[in-house]
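Since the structure comes first, as structure tokens, the remarks are kept for the end.
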Amino acid sequence: MDVNEKIKKIEEQIEASVNDIKSSKTLQEIKMRFLGKTGEISSLMKNMRDVPPDQRPGLGKILNTLRQWTESKFDSLEKDIKAFELKKKYAEEKIDVTIPGQTSPDGAYHPNTLIKNELVSLFAGLGFEIYEGPEIENDYYNFTALNTPADHPARDMQDTFYLTEDLLLRTQTSAGQIRVMENKKPPIKILSPGKVYRSDDDATHSPMFSQMEGLVIDKGITLCDLKGMLDEFARRVFGESVKTRLRPSYFPFTEPSVEVDVSCFECGGKGCKLCKGTGWIEILGAGMVNRRVLEGCGIDPDEYTGFAFGMGIERIAMLKYGINNMKLLFEGDTRFLKQFKD
Ligand code: DAH
């Protein structure tokens, strides 16, 4: 085939292949087929060697023109394709800034956490250290060391989940008192919040609930110190005008033992539904630490005295927020929980 024919063929091939170009990638491939080092035009140029010398300049000119024509053809194609691809990309990436965003709702503190945080900060402000004991206890810390030996009738006050004959889920955070007194010399001033477990389940009881235990041991501590601290606690948690009163009670680990009431913060003491017409609401148990408990922990009861108190966090939360069923505190229903957002 003579050169001119070849050139014509190449031109035709180029025109035909242009239709196959769908993207910059195919454009590049096709361009290489003609203009690449081993492409059709380059091999024609290499063949110049075989052409008689007198014909070379003329042919060289023709081939150069072909090359330039091909290059400019592909260049302009490339421009069009790039512009087209960019437009397509922009169209695909277009975002509608007016579409409402996907938001995840803000969380809120659980009422138990709110009360716990409030009490921890209140008591920390009064100089209490925080101690958290284990939830799985042995019989000794949960009962015996708290002056409640195996045959003691007070064990029936708390329906216990036993894991083994000796291990149990603690029924009271009072167990932590013993661990602290065994390891620390007085003066002691600790607050011990945590979960406790009892086989009990109704509108005001749950098998798992939270307590907060307080313990103060030092020389010369009396019931008056307890009363003074409780007054401060009641004012801060329930309101400035709230008063406390102590009623005699019984706990094996305190002597004397008291039940602590606050004057009804709903009716101011006149009597209402919340306080069942009595003007008073029971909030916690307390007392002077029993001598036998101190002795058992190696603390001399003739030198040191102290008081302890224990309260249910859920109970305080229910009273403070007017929650009438304890189940609400455990169900995780967001319609309930979101009401406690600040
Ligand atoms: N541990 C008691 C209970 O769970 C509460 C309690 C009462 C704790 C009197 C005390 C206390 O420290 O002195 O019912």
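Position 1 is the first residue of the sequence; numbering continues from there. For ligands, and for the atoms within them, numbers begin at 1 and follow the listed sequence.
Those atoms of ligand 1 with a heavy atom of Gly287 less than 4.0 angstrom away are 13 (O). Shown in contact with Gln211 at under 4.0 Å from a heavy atom are these atoms of ligand 1, numbered in order with element: 3 (C), 4 (O). The distance from ligand 1 to the heavy atoms of Gln177 drops below 4.0 Å at these ligand atoms: 12 (O). The contact set between ligand 1 and Ala308, taken as ligand atoms under 4.0 Å from a residue heavy atom, comprises 12 (O), 13 (O). Every atom of ligand 1 with a heavy atom of Phe251 under 4.0 Å away is listed here by number and element: 7 (C), 9 (C).
The protein heavy-atom contact nearest to atom 14 (O) of ligand 1 is Arg198 NH2, 3.7 Å. Counting only heavy atoms of the protein, atom 2 (C) of ligand 1 lies nearest to Gln172 OE1, 3.7 Å. For atom 12 (O) of ligand 1, the closest non-hydrogen atom on the protein side is Glu213 OE2, 2.5 Å.
Here the side chain of Asn142 pairs no donor or acceptor atom with the backbone of Leu168 at under 3.5 angstrom. Under a 3.5 Å cut-off, the side chain of Arg170 and the backbone N or O of Lys195 do form a donor-acceptor pair. Under the 3.5 Å distance criterion, the side-chain polar atoms of Lys116 are left unmatched by any main-chain donor or acceptor of Gly194.
Residue Ser174 touches ligand 1 through its side chain alone, judged by heavy-atom distances below 4.0 Å. With a 4.0 Å heavy-atom cut-off, ligand 1 is reached by no atom of Glu259. With a heavy-atom cut-off of 4.0 Å, Met311 does not touch ligand 1 at all.
The shortest N or O to N or O distance between Phe253 and ligand 1 is not below 3.5 Å.
Contacts classified as ring pair (Phe, Tyr, Trp, His ring centres under 6.0 Å) and involving residues 280-332 (residues at least two apart or in different chains) are given here: Phe123-Phe309, Tyr321-Phe340.
For the pair Ile323/Phe336, a side-chain contact is recorded, criterion being any heavy-atom separation below 4.5 Å from C-beta on. Residues Phe253 and Gln172 form a side-chain contact, since some pair of their non-hydrogen atoms from C-beta on lies under 4.5 Å apart.
A heavy-atom separation below 4.0 Å is not found between Met212 and ligand 1.
With respect to the salt-bridge test (charged N to carboxylate O, under 4.0 angstrom), the residues Arg247 and Asp261 qualify. A salt bridge links Arg335 with Asp333: the closest approach of a Lys/Arg side-chain nitrogen to an acidic carboxylate oxygen falls below 4.0 angstrom.
Exactly one residue among Leu328, Ile115, Leu319, Leu329 makes a side chain to side chain contact (heavy atoms under 4.5 Å, CB included) with Glu314. That residue is Leu329.
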